[in-house]
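Chain naming here is simple, since letters A, B, ... match the order of the sequence lines and numbering starts at 1 in each.
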2 protein chains.
Amino acid sequence: MPKIPQPPLDEVDRSIVRVLAQNARIANNALADEVGVAASTCLARVRSLRDRGVIRGFQADVDLSALGMPLQAMISVRLRAHTREQNESFRSVAPGLPGVLEVFHMAGSDDYLLHVAVADSDALRDFVVDHLTTHPAVGQTQTNLIFERMAGSRFPEPGR
Amino acid sequence: MPKIPQPPLDEVDRSIVRVLAQNARIANNALADEVGVAASTCLARVRSLRDRGVIRGFQADVDLSALGMPLQAMISVRLRAHTREQNESFRSVAPGLPGVLEVFHMAGSDDYLLHVAVADSDALRDFVVDHLTTHPAVGQTQTNLIFERMAGSRFPEPGR
DNA sequence: CGTGAAAATCTAGAAAA
DNA sequence: TTTTCTAGATTTTCACG
């Protein structure tokens with residue numbers, strides 16, 4: 001996903017993004033009303049925002065419990081060695097491992113942080129054993145259960 | 001958000017959720033085609049999934065750099081005391097702090113993990129000082145920069 | 001960026017499996 | 001009950017001013 005230039009966002013663009021960040025399925029004309037432009041203008045703006053990569057996509061927020069994966073965990077991963085090759089080999093597979101929601105490449109002593117969802121603690125152990133500790137680039141891992149995940153703002157504004 | 005009963009999801013429901021998790025703005029009839037039911041059936045299914053809380057909402061995935069917040073961090077928070085009151089007082093404000101993307105209530109020795117986006121390292125320091133270390137319930141914090149965040153699957157299936 | 005009109009889509013309700 | 005069919009209302013979309 002190339003980073004296309006950066007014509008900075010004007011107020012209308014920011015409003016569009018703010019609304020879509022919270023309600024991605026709003027009809028185009030309702031969105032146009034909300035941000036105060038014509039429907040056709042709004043359509044073009046949204047298209048442009050997508051083309052420029054400001055809006056990457058639209059996603060449904062799903063209750064993972066309802067999908068049978070009620071348990072979440074945060075797994076710190078430390079690589080055996082911090083070479084470019086090891087990083088590349090881990091980063092290329094991590095996001096696709098089953099149940100992985102997010103992968104963070106960290107600046108601290110732990111190289112990666114994996115946010116995962118699993119069916120139960122057995123599945124969690126299997127995940128760690130089958131996909132992490134057996135991966136040649138992985139040194140140590142540490143697993144921490146998540147009691148609860150709360151969503152913050154999806155359209156962060158500079159804190160004053 | 002009450003947890004409404006659990007009529008387990010059938011194959012059509014799961015397909016709908018799988019598609020919407022990746023493309024929330026797909027037209028209803030296109031979605032109906034994709035999962036193989038009539039449009040009005042599809043509409044009713046989606047409405048039911050929302051009512052049951054399986055689908056919580058629809059969100060645009062926004063490039064935070066384009067919004068002027070290119071720096072992300074993971075902040076571990078340890079409370080002063082692990083009382084219900086302290087937990088409650090922190091949990092009630094954390095998700096609303098400026099730049100907070102996610103708040104994880106953790107089972108380990110660190111009580112909370114905050115995923116935040118900020119404009120630069122000055123803003124990060126200000127965030128920690130102004131909102132965390134000054135909060136009466138907060139004991140220690142540890143901030144780790146995020147080099148990169150990669151999204152995993154939005155519709156996790158049980159790992160085999 | 002807005003207007004207008006054609007095309008596509010949405011949606012409720014009736015009918016059917 | 002659940003799904004499909006049908007048709008009127010709404011929305012999307014684009015050429016043009």
Once hydrogens and angles are ignored, does a donor-acceptor distance under 3.5 Å link the base of C:dT3 to the side chain of A:Ser40?
yes

In whole angstroms, how far is the P atom of D:dT1 from the CG atom of B:Asp13?
17 Å

Kindly say whether the aromatic ring centers of B:Phe104 and B:His115 come within a distance under 6.0 Å.
no

Phosphate OP1/OP2 of D:dT3: any B:Arg45 side-chain N/O under 4.0 Å
yes

At under 4.0 Å, does any side-chain N or O of B:Thr41 touch on OP1 or OP2 of D:dT2?
no

Interatomic distance, B:Asn28 CG vs D:dT10 P [rounded to whole Å]:
17 Å

Atom-pair distance (CG on A:Leu31; P on D:dT12), nearest Å:
9 Å

Please state whether the phosphate of D:dC14, meaning OP1 or OP2, lies under 4.0 angstrom from any side-chain nitrogen or oxygen of A:Arg47.
yes

note: B:Asp10, atom CG; D:dT1, atom C1'; distance rounded to Å ~ 13 Å

Parallel, tilted or perpendicular: which fits the ring planes of B:Tyr112 and B:His105, with parallel below 30° and perpendicular above 60°?
parallel

To the nearest 0.5 Å, what is the distance between CD on A:Glu34 and CZ on A:Arg18?
10.0 Å

Rounded to the nearest angstrom, tell me the gap between atom CG in B:Leu43 and atom P in C:dT11.
5 Å

Nearest-Å distance, CG (B:Asn29) to C1' (D:dT4)?
15 Å

With no hydrogens and no angle check, do the side chains of A:Asp111 and A:His82 hold a donor and an acceptor under 3.5 Å apart?
yes

Within the structure shown, what part of the strands sits under 4.0 Å from A:Ala38 by heavy-atom distance: base, sugar-phosphate, or nothing?
base

Using heavy-atom distances to pick each residue's nearest nucleotide on DNA chain C, tell me which of A:Gly36 and A:Arg25 is more 5'.
A:Gly36

